[in-house]
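Whatever order the structure lists ligands and atoms in, that order sets their numbers, starting from 1.
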Amino acid sequence: MLHRRRFLQLGSLGLSSFSFKGFAASSPAARKPIVISTWKDGINANKLAWEILRKGGTALDAVEKGVMNTEDSLNCCVGLGANPDRDGRVTLDASIMDANGNCGSVAFLERIKHPISVARRVMEKTPHVMLVGEGAQRFAVQQGFRLEPAKLSRDAEKSYRNWLKKSEYKPVVNIENSKSTAMLAAPTRLENGSWNHDTIGMVAMDAAGNLSGSCTTSGMAFKMRGRVGDSPIIGAGLFVDNEIGAATATGQGEDVIRICGSHLVVELMRQGLSPENACKTAVERIIKIKGSKAKDIQVGFIAINKQGEYGGYCIQQGFDFAVCYADDKNFMVEGKYLL
Ligand code: SD4
């Protein structure tokens, strides 16, 4: 059997004209542009991203504009309309990464409607990768972002009051409210007042074959004040390597951070795994670490590679993601699961 390193050497010399399981040996034309994103909100987010991609726009613009749509909705689980931390304040995390290894992120950001755009400004206008809390907010305001009122949406207010009765931090396994991949139901508040998920992650390849990704979240509902999840951590909630592919994560951030999840998925694709198998292997690693506690959490990964192949995997049934690669192709895919 041909040793993998030897195979890659041949491949880089353009000599790989045979097929080898797990490798795109004959370099088929890539499916591009393509955009995929987490959960059912992804359908609407993909639509906006697709508008940019179909006109030849960049993947970077697409992944920013796409998730801004989700952040915009005041009655959603991602932006300022989302559930607060246990002190009653909404704090947002976001990250963005482009095809050149540039990245930016914000964490613990309050009263700014579009954390993803602040993350992009961090990437483009500062020598840093990450700004948090008050500093991130001050930077946003300097950049012309409006400071929104520090008030909860009506639904979030109700959920928070409800939550205060017991004040127990009990993250709910992320599940969409319908198993059907055909239904595009809106995100739903669960009985305990939390959303069924709180994040959108998006990765895209544009017509020029360049990759980018974004991830934005209000974090886990009723978290400790100051808690930051995986979404703004480059390598955990999001990672892009323009030679290989891009991945993003959703679910219990602590467990994504533990394995540098999105970076791991991209590295597994570098070793020749398909996007789906790379996501699956990352999920397996979390399950191995968590042991019997794995059944109490949800983590899902999605990924694309340079061939425009896509895939996703999660711990528990109920995670799905939206895939778009043509005007009439924007559809939900049910994530395969391990437990
Ligand atoms: C976090 N990963 O803050 C996010 C939460 C999430 O759907 O994905 N919710 O840990």
Side-chain angles (χ1 to χ4, degrees), residues 36-42 45 67 70-71 73 76-86 89-95 105-110 115-116 119 130 132 156 159 169-177 186-190 192-203 213-239 247-265 279 282-283 286 290 296-302 312-322 335 337:
I36 68 173
S37 52
T38 56
W39 306 108
K40 291 188 172 70
D41 299 316
V67 304
T70 322
E71 289 177 340
S73 164
C76 182
C77 47
V78 168
L80 289 177
N83 278 325
D85 64 13
R86 69 182 194 188
R89 309 207 353 216
V90 177
T91 72
L92 304 174
D93 301 337
S95 64
S105 75
V106 288
F108 192 44
L109 177 63
E110 294 177 82
I116 196 63
M130 188 169 193
V132 305
S159 307
Y169 180 66
K170 268 198 185 162
V172 179
V173 168
N174 281 256
I175 44 163
E176 283 283 5
N177 50 351
T188 307
R189 274 187 203 266
L190 303 170
N192 74 348
S194 68
W195 288 102
N196 47 6
H197 55 86
D198 332 84
T199 301
I200 181 160
M202 174 180 275
V203 288
S214 61
C215 190
T216 181
T217 187
S218 57
M220 304 300 269
F222 316 124
K223 61 198 173 185
M224 283 175 71
R225 180 135 186 90
R227 181 263 186 191
V228 170
D230 59 312
S231 307
I233 311 288
I234 297 297
L238 176 70
F239 195 70
T248 185
T250 184
Q252 188 145 300
E254 284 75 4
D255 295 304
V256 177
I257 293 172
R258 251 181 262 292
I259 62 157
C260 290
S262 296
H263 182 259
L264 175 63
V265 170
C279 293
V283 170
I286 293 177
K290 297 297 282 189
D296 302 326
I297 60 163
Q298 174 68 304
V299 169
F301 292 103
I302 60 170
Y313 231 93
C314 56
I315 297 181
Q316 328 251 3
Q317 184 172 23
F319 166 63
D320 52 10
F321 58 100
Y337 53 93

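- Here atom 8 (O) of ligand 1 lies nearest to T199 when heavy atoms of D230, T38, T199 are compared.
- Remark: K223 does not engage E254 in a salt bridge, criterion side-chain N to carboxylate O under 4.0 Å.
- At distances below 3.5 Å, at least one donor-acceptor pair connects side-chain atoms of Q316 with backbone N or O atoms of I297.
- Between the CD1 atom of I259 and the CZ atom of F301 there is a distance of 4.0 Å, given to the nearest 0.5 Å.
- For ligand 1, the atoms closer than 4.0 angstrom to any heavy atom of T250 are 6 (C), 7 (O), 8 (O), 9 (N).
- The side-chain heavy atoms of T91 and R225, taken from C-beta on, include a pair separated by under 4.5 Å.
- For the residue pair S105 / S95, no side-chain donor-acceptor distance below 3.5 Å is found, with atom types taken as modelled.
- Between G253 and ligand 1, an N or O atom pair is found at a separation short of 3.5 Å.
- Not a single heavy atom of K223 sits less than 4.0 Å from an atom of ligand 1.
- A donor-acceptor pair under 3.5 Å is formed between the side chain of D93 and the backbone N or O of F108.
- No N or O atom of G219 sits closer than 3.5 Å to an N or O atom of ligand 1.
- When non-hydrogen atoms are compared, ligand 1 lies under 4.0 Å from the side chain of R227 (C-beta onward) but not from its backbone.
- Backbone and side-chain nitrogen or oxygen atoms of D198 are examined, and one is located within less than 3.5 angstrom of a nitrogen or oxygen of ligand 1.
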